[in-house]
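Below is one structure; the comments refer to it alone.
Just so it is clear: chains get the letters A, B, ... in the order the sequence lines come, proteins before strands, and each one is counted from 1. Predicted model, so just to flag it, every value in this text is computed and none were measured.
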Amino acid sequence: MNPARKRTVRLVVALSAAVVLATALIYTSFSAASPALTPSQLVREAQPGRSYELTGTVAKGSVHREGAVLRFAVEDRVGGTAIPLSYTGVVPDPFREGREVIVNVEKQGGRYIGENNSLITKCPSKYKTAPPSENQNS
Amino acid sequence: MGFLIAILTLVVAGVVVLVVGAPLLRARRRGEPGGVPGLRPRTDDDGASSSGYSQEDLEAAREAKYREIRDAELDYRTGKLSREDYEAINADLRGEAIEILNRLGPTGPPSEEAEEEGKLADRPDA
Amino acid sequence: MAGLGFACLVLALVVCAYGIGASLYGVRSGRVEFSESGRRSVYALAGILTVAMVVLEIAFLGNDFAFNTVADTSSRTTPALYRAAAVWSSQEGSLLLWAWLMSLWSSLALFLTRKRMRDVAAYATAILLGFGGFFVGLMVFYANPFATTHPVPPEGVGLDPLLRFPTMMIHPPMLYSGYTLCTIPFAFGMGALLARRVDADWIKAIRRFAFAAWLFLGIGILLGALWSYSELGWGGYWGWDAVENASLMPWLTGTAFLHSLMIQEKRGMLKVWNVSLVLATGTLAIMGTFLVRSGVLNSIHAFGGHTLGVPFVCLIALMIAGSIYLVVSRRDMLRSQHRLDSLISRESIFLANNLVLVGLCFVIFWGTYFPLISEAFTGQEASVGPPWFDRYTVPLALILVLLSGIGPVIAWRRATLANARRNFLIPLGAALGMLLVLEIGGVTQKPLASAMFCCAAFVFGSIGQEFFRGTRARRAMAGERAPLALLALVRRNRRRYGGYIVHIGIAVLFVGVAASSSFQHASQLGLSPGQSTRVGAYEIRYVRPTATVTPKYDAAHTGSTLNLGAVLDVTKHGRHVATLNPSEGFYASEEASQGTVGSLIGGQPVSHVALDVGLTRNVWTAIEPDIEAPALKRIVTDGNSTLPPEEAVVAIAYLARAYLQHPPQAQFNFLVSPLVMWIWIGGLIVFGGALIALWPAPSTVRRRVAARSRARAVRGLARA
């Protein structure tokens, strides 16, 4: 095989390998992903045994700790359906009522169980953008 | 307070204008309308090989080629190359280096300086 | 003074517009005075933004709460050092920091290239000013750091306690320096394409900029991981969070670029690839900046409303479109001059390394942006978690480490196969020896970690052999004693041996990562005083509770009102190892609804982790005291209703005493992680190696070496 042919073969092999890997990657990502749902969506669509990523705000007055288990309810950002769940695992420092959280949950029977160590609380919005301000004198 | 701010703003703006405008003033005073070699407007001629390597490019290429020569020697001395392979690669690299040196300037008979340096080259590294 | 700041921003915008025009006119017409003026615009921009930064810093340090950003993120009780750093804790302030750092680095880069590559530099100037103008424009029209309110509030909200740590102060400037430094190679890459010059001089200049970007970005990433591990309550250093990934991606392409640039230098190949890499790095850096402040992805850092999202998407689209257009239209100029001489050469190892790095970047990119991708294709937003990332990045990382052990053994251009085979003996021996040790130690039940240890052993063997042989060669040539020979060897071959040291550092780092991930012992449970638990080989006993009350206006402290914690006794096989004191700090909040006493401790709590650091393992402990326990809650409500505001702090003291006397069960989090220290040590080694590789040789040495090489070449000609 002359060098040019060898090079083409090498290129084809490398590209094929890349395509195969990329396909594997893409395929598994769709099957391994947890859909992100708000509480109202979760109530409608949750199937038992599947993992979902629940995003919402911690409902006021819903936080109770019972030993190793933390119970709280997550509601839609705009308020409304609040889903109670029990969670075990690390509780991030910023966690409290009214904060936005992301937690992976699974529906078991009629209850929602939070996956271990999956609770993320968003850092309180320091980067809130003030509306263009009129006052610029001092 | 507003007055102070206005003054400070004017000062900053003034400094900026001076810094940014200095080259323009200098050029106008010298009366040079044109450009400088090395900054000629590029015409879209052949794109495959950049015609007219600039001085800077050649010097950079020369430095890089010298480094390659030294790397090859180190490769040989640390046992990665057989003697035959090393000689072949060394000859290739030296040839490429000559090409660059030629483009940089004509090589006449080895100058005194080069002979002196040649003697230096034969001794082990100081 | 806010007026001066805002005026500076407007002036900066004007300067950017002028500079772009002047540079472009100068390069098209050949009138060098305009290009010069354009370059000076960058210097002027740096000066103007410095004034703006000074104004903002003074406002923070002087507690001028008329400034909105000061009122939102600082307070009189925030210690001075954190007040100075609070400047960049807000959206507006961080934009200013970004623009300021970019202008500084750009000024430096343009100053260093002021006498060379005039046309490339002129285009680069225009692009850099374009970035500057974009960020300044964001500030002028969307997020003004100099916005004020009247009447002036008497006190500010205070800096988020989560940020009151030294690492958190250095992390943004370091990371932003990394991000902004990525725009410089981008600009010079675009400039080279526009000026149709991708040659040796460009390579020399852009390598330095890319290296600096790589270095600072790497330090920023590592500092972020260190902060996460030592300050946050989860005991991990990397969570595949969107924002962590966003900073890693340009670092990966930057690493690939540094390697493949060497191939272009030696063989004139891969020009399209290199230019694409450098443009991708800049684009990924801007995407990273965008991710943190757009809220487009759910992430722990995703603050910011969506107001800034649109301008950023436009900028990124423009960068991508421009890059593709330029690369395609200049492809003739970017054709390779040579081909690879042989598959068995260091060049081809570098190529393989590039493929792995780009592959890694693609995996991370896919996983990070998956929520958007899945929404686009299936209408349903879904995300992938750390297990998915690990599944693909770990094998790629293994291959990467292995390649870094193979490379040193292979020569440039074409290696002699017989020699290469012989040179592999020692590294292979090291790897097999490690395998044996692991098998005996029973470690091989964790195959991935074991594989990483063996690969690392391979790397150490390979690079160790290089140092040994190099020193021996030098001694043969110059007759020096071993230690001096080693020093001289490194000094005269900085790039090579500095690079070797970097690779050792990376291997050490991955050993730390592998060990601490695979062999970690974790335990989460509730304990009362006197109880103990077993974690790994250690016994941890909750000895007694601690409670400290700090007066609110103690400026030397980080400002927590109440600190509840525990004294833990850590023993191993009965022998005392450490006494640890984790605690949780409760800060004041401004919410009147919690009552006078409640608001003193109703702010965000911050976990103070207690760590016993060791070379072989870390014992990491965190506590979550039950401040909602009924007895304690009663004290708070009683205090709210009976005590006047000035005496509310008395209830806190009462609370502390109650906690000491009748401590409720507290939740503990224990982690025993082996070899975590080696992650940071590996990082330091990488840093040291990079410095060695970057350090310019003193000019006298360079001249001597150049003279010798020239003489040798000339002699070759004379002989021929």
Side-chain angles (χ1 to χ4, degrees), chain B residues 2 5 8-9 12-13 15-16 19-24 26-27 33-36 38-42 47-48 50 53-54 56-64 66 68-72 74-75 77-82 85 89 91 94 97-98 101 107 110 114 117-118 120-121 124-126, chain C residues 3-4 7-8 11 15 28-33 36-37 40-41 43-44 48 51 116-119 195-197 199-201 204 265-266 330 332-333 335 409-416 418-420 423 466 469-470 473 477-478 493 705-718:
Chain B
I5 291 181
L8 285 172
T9 313
V12 173
V15 170
V16 165
V19 165
V20 167
L24 300 174
R26 245 183 284 138
V36 158
L39 197 56
R40 262 189 306 273
R42 295 250 152 203
S50 347
Y53 290 106
S54 73
E56 312 152 331
D57 276 327
L58 289 170
E59 286 176 1
R62 181 188 61 190
E63 260 184 66
Y66 286 165
E68 269 193 81
I69 295 175
R70 280 176 38 233
D71 267 341
L74 192 55
D75 278 346
R77 289 194 191 273
T78 50
K80 298 196 261 274
L81 288 171
S82 65
D85 276 338
I89 292 178
R94 281 213 231 112
I98 297 288
L101 289 173
T107 47
E117 288 156 353
L120 261 174
D125 287 351
Chain C
L4 177 61
C8 282
L11 188 59
V15 166
R28 306 296 286 184
S29 67
R31 296 184 63 176
V32 68
E33 63 270 19
E36 176 80 17
S37 183
R40 278 158 168 252
S41 307
Y43 302 161
I48 297 172
V51 173
R116 303 147 41 196
M117 297 193 305
R118 298 262 174 89
D119 40 357
R196 295 182 181 275
R197 277 198 26 189
D199 289 321
D201 199 28
K204 192 165 133 188
E265 194 177 36
K266 291 178 193 290
R330 264 53 169 181
D332 283 336
M333 180 188 99
R335 215 167 277 159
V409 168
I410 311 270
W412 287 105
R413 284 230 172 182
R414 54 183 173 279
T416 315
N419 290 40
N423 292 340
E466 274 295 292
R469 289 199 179 168
M477 286 200 303
N493 296 285
V705 167
R708 216 169 300 137
S709 302
R710 180 173 51 213
R712 233 182 264 144
V714 167
R715 264 186 305 128
L717 173 65

Inset, instruction - Could you look at C:V15 and say if it's the side chain, the backbone, both or neither that has a heavy atom under 4.5 Å from chain B? - result: side chain
Inset, instruction - For chain C, find which of B:S82, B:A61, B:A91 contributes the most heavy-atom pairs closer than 4.5 angstrom. - result: B:S82
Legend entry - Gap separating the CG atom of B:L8 from the CG atom of C:L4, nearest 0.5 angstrom: 5.5 Å
Legend entry - Nearest heavy-atom neighbours spanning B:D75 and C:W412: OD2-N, 3.1 Å
Inset, instruction - Would you mind checking which part of B:A13 comes under 4.5 Å of any heavy atom in chain C, side chain (CB onward), backbone (N, CA, C, O), both or neither? - result: both
Inset, instruction - Determine the minimum heavy-atom distance between B:L81 and C:R414, stating which atoms define it. - result: CD2-O, 3.2 Å
Legend entry - Qualifying residues under side-chain hydrogen bond (donor to acceptor under 3.5 Å, both in side chains), relative to C:N419, sequence neighbours excluded: none
Legend entry - Electrostatic pair C:K204:B:E59 at N-O distance under 4.0 angstrom: no
Legend entry - Those residues that, when tested against B:E68, pass salt bridge (Lys or Arg N to Asp or Glu O under 4.0 Å) (two or more places apart): B:K65, C:R413
Legend entry - C:A44 to B:V16 - nearest heavy-atom pair and separation: CB-CG1, 4.0 Å
Inset, instruction - Could you have a look at B:L74, B:V15, B:V12 and say which one has the most heavy-atom pairs with chain C under 4.5 angstrom? - result: B:L74
Legend entry - Closest heavy-atom pair and its distance - C:A7, B:T9: CB-CG2, 3.5 Å
